[in-house]
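First up is the structure itself, then whatever we jot down about it.
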Amino acid sequence: TESIYTNYKSKSRVLAMMLSKNKNIMTDETSLEELRMAVGANVISITDSSGIIQFSTNPSAENEKAVKILIFLVKTARY
């Protein structure tokens, strides 16, 4: 579990750096998908300050509460 956490933490840092340099990546579906593939993530979801997913490589997740999605993924072991 620690190695999984470390791996996701590392990917999150890379994503945060990339997005801080170019915020347009979030609004361009192709760029966001390319970034997802580059870091080897299954899905990239970006939330607002209240946890509502605003941008995602999984379009069905947009406008959902991030916690609900996370709970579903954990329960179904889809991470």
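Atoms considered below: every heavy atom in the structure, side chains included; atoms not considered: hydrogens, waters and symmetry mates.
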Evaluate the side-chain contact (heavy atoms from CB on, under 4.5 Å) criterion for residues Asn58 and Ile53: first the C-alpha distance (whole Å), next the side-chain angles of each, then the deciding distance (0.1 Å), finally the verdict. CA-CA 10 Å; Asn58 175 9; Ile53 297 172; over 6 Å; no

When rounded to the nearest 0.5 angstrom, what distance separates CG in Asp28 from CZ in Phe55? 11.5 Å

Spatial distance of atom CD1 (Ile44) from atom CE (Met37) [nearest 0.5 Å]: 11.0 Å

Nearest heavy-atom neighbours spanning Ser56 and Val43: OG-CG1, 3.8 Å

When every non-hydrogen atom of Met26 is compared with those of Leu32, the smallest separation belongs to O-CD2, 4.1 Å

Please answer whether the main-chain N or O of Ile52 pairs with a side-chain N or O of Thr47 as donor and acceptor at a distance below 3.5 Å. no

I'd like to check the salt bridge (Lys or Arg N to Asp or Glu O under 4.0 Å) partners of Glu33; sequence neighbours left out, ordered by chain and number. Arg36

Distance-only check: which donor-acceptor pairs under 3.5 Å involve side-chain atoms of residues 15-23, not counting sequence neighbours?
residue	atom	partner	partner atom	Å
Ser20	OG	Ala16	O	3.4
Ser20	OG	Met17	O	2.8
Asn22	OD1	Asn24	N	3.0

